[in-house]
Amino acid sequence: MCGRYVSVRSDDDLTDEFDAVDATDGLWPEGDFNIAPTKPVRVVVNRPLRDAEGNAAKEATRQLRVVSWGLIPSWSRDRKTQGRMFNARAESVARTNAFRKAYASRRCLVPADGWYEWRRVDAADGVRKQPMYMTPADGHPIAFAGLYEFWHDPAATDAPTVTTCTIVTVDSSGDLADIHDRMPLVLARASWERWLDPSVADPADLLRTWDEADGEHLELRPVSPLVNKVDNNGPELLAEAEPEVEEQRLF
DNA sequence: CCAGACGTTGTT
DNA sequence: GTCTGG
DNA sequence: CCAGACGTTGTT
DNA sequence: GTCTGG
């Protein structure tokens with residue numbers, strides 16, 4: 001799955017990489033080595049720009065924007081469910097009430113430098129979790145398939161509209177499957193445009209498991225359990241660490 | 001018809 | 001055990 | 001995702 | 001908003 005990731009590239013790097021205009025509005029001043037659900041994240045959306053009077057342009061434009069991680073459906077009465085909507089299963093995203101509309105018309109890319117998974121390890125004193133970091137070997141940013149949604153708090157009539165997002169997950173494949181059974185849907189560069197195309201209602205062909213052959217090679221490494229605490233943040237979280245727990249031998 | 005859920009993960 | 005907060 | 005709380009009354 | 005269950 002994907003419940004914690006890294007995004008440390010500058011806004012300029014991402015607008016170059018994704019051919020997008022910068023609409024972050026100064027809301028993303030720092031990189032984040034420990035992004036958790038409900039925190040601000042940067043996404044690339046493809047929708048018409050609006051002028052100062054709120055008039056929408058005719059053509060859609062790719063925009064780098066800051067939204068909140070954890071999708072709140074437009075009909076939610078409160079935002080408490082946000083913490084549980086940070087992933088959407090590829091297998092059901094086209095049908096479920098919570099995601100169907102966003103999937104049909106509000107898909108986005110979620111740029112990342114890598115992500116964390118916790119590998120469960122049987123140890124002498126019970127089940128332990130070893131944090132692992134996954135990152136593309138070539139150093140380019142990757143793009144998770146995401147969905148975004150607008151929400152307005154019905155209990156606060158003068159509150160501004162909140163934009164939230166979720167990351168689509170698939171069954172793990174390759175080496176990733178040894179770490180965890182689910183992983184984010186990492187879109188190959190060649191798929192970015194179609195995923196973002198608002199005129200496409202159901203890009204079902206892109207909802208596939210990760211195939212290393214058509215994307216970047218991923219490096220996997222154990223990292224320190226410092227990452228467990230959301231308050232910890234910095235490049236030291238990415239450093240390779242001795243596994244805390246040796247895998248128990250089967251015999 | 002109205003009421004209540006609407007999600008994912010992990011674990012068993 | 002289960003929910004909330006980050 | 002993991003960490004940390006999880007309750008009430010009264011008083012300040 | 002829209003679907004399912006009763």
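- Residues A:Leu207 and A:Val170 fail the side-chain proximity criterion, which asks for heavy atoms closer than 4.5 Å.
- Applying the salt bridge (Lys or Arg N to Asp or Glu O under 4.0 Å) rule to pairs touching residues 143-171 of chain A yields A:Arg106-A:Glu149, A:Asp171-A:Arg182, sequence neighbours excluded.
- Between the side chain of A:Arg42 and the backbone N or O of A:Leu14 there is no donor-acceptor pair closer than 3.5 Å.
- Rounded to whole angstrom, the span from the CD atom of A:Glu30 across to the C1' atom of C:dG6 amounts to 17 Å.
- Of the candidate nucleotides B:dT8, E:dG1, E:dC3, E:dC3 has the atom nearest to the side chain of A:Arg100.
- A donor-acceptor contact closer than 3.5 angstrom is absent between the side chains of A:Asp12 and A:Ser10.
- Residue A:Thr96 is in sugar-phosphate contact alone, with no base atom involved, counting any heavy-atom pair closer than 4.0 Å across all strands shown.
- Rounded to a whole Å, the NZ atom of A:Lys39 is 14 Å from the C1' atom of D:dA3.
- One atom, CH2 of A:Trp69, and another, P of B:dT9, lie 12 Å apart when rounded to the nearest Å.
- Using a 30° and 60° split on the angle between ring planes, A:Phe150 and A:Tyr148 fall in the perpendicular class, above 60°.
- Between A:Asn228 and D:dA3, a side-chain N or O to OP1/OP2 separation shorter than 4.0 Å is present.
- Of the nucleotides present, B:dG4 is the one that pairs with E:dC3 by Watson-Crick or G-U wobble criteria, both distances under 3.5 Å.
- Distance A:Asn97 CG to E:dT2 C1': 5 Å, rounded to the nearest Å.
- Sorted by first and then second residue, the ring pair (Phe, Tyr, Trp, His ring centres under 6.0 Å) pairs with a member in residues 7-42 of chain A read A:Phe18-A:Trp192; sequence neighbours excluded.
- Neither OP1 nor OP2 of D:dC1 sits under 4.0 Å from any side-chain N or O of A:Arg182.
- Nucleotides B:dG4 and C:dG5 are separated by 24 Å at their P atoms, to the nearest Å.
- Here A:Thr81 does not reach the OP1 or OP2 of C:dT4: none of its side-chain N or O atoms lies under 4.0 Å away.
- Two residues, A:Ala88 and A:Val127, neighbour DNA chain B, and the one matched to the more 5' nucleotide by heavy-atom proximity is A:Ala88.
- Within 4.0 Å (heavy atoms only), A:Asp181 reaches sugar-phosphate atoms of the nucleic acid but no base atom.
- Nucleic acid contact class of A:Thr169 (heavy atoms, under 4.0 Å, all strands): sugar-phosphate only.
- On the C1' atoms, B:dT9 is 14 Å away from C:dT2, given to the nearest whole Å.
- Stacking of the aromatic ring of A:Trp75 onto the base of B:dC6 is found: the ring centres lie under 5.5 Å apart and the planes are inclined by under 30°.
- Distance, A:Asp78 CG to C:dC3 C1': 13 Å, rounded to whole Å.
- Between the base of C:dG5 and the side chain of A:Thr38 there is no donor-acceptor pair shorter than 3.5 Å.
- The residue A:Ala36 sits close to a base: some heavy atom pair falls under 4.0 Å.
- Computed from coordinates, the A:Arg89 CZ to B:dC6 P distance equals 15 Å when rounded to whole Å.
- Taking atom CG on A:Leu71 and atom P on B:dT8, their separation rounds to 11 Å, with Å as the unit.
- The phosphate of D:dG4 has OP1 or OP2 within less than 4.0 Å of a side-chain N or O from A:Lys229.
- Note on A:Pro37: a base of the nucleic acid sits closer than 4.0 angstrom, heavy atoms only.
- Although no hydrogens or angles enter the test, the distance criterion places a donor-acceptor pair under 3.5 Å between the side chain of A:Asn232 and the main chain of A:Leu226.
- Contact between the side-chain N/O atoms of A:Lys129 and the OP1/OP2 oxygens of D:dC2 is found at a separation under 4.0 Å.
- Considering only side-chain N and O atoms, A:Arg4 lies nowhere under 4.0 angstrom from the phosphate OP1 or OP2 of C:dG6.
- Among the nucleotides C:dT4, D:dC2, E:dT2, the one closest to the side chain of A:Trp118 is D:dC2.
- B:dC2 sits 37 Å from D:dT8 when the C1' atoms are compared, rounded to a whole Å.
- Nucleotides C:dC3 and D:dG7 are separated by 12 Å at their P atoms, to the nearest Å.
- Between the CE atom of A:Met85 and the P atom of B:dT9 there is a distance of 13 Å, given to the nearest Å.
- Residue contacts shown for A:Phe99 are limited to sugar-phosphate atoms, with no base heavy atom under 4.0 Å away.
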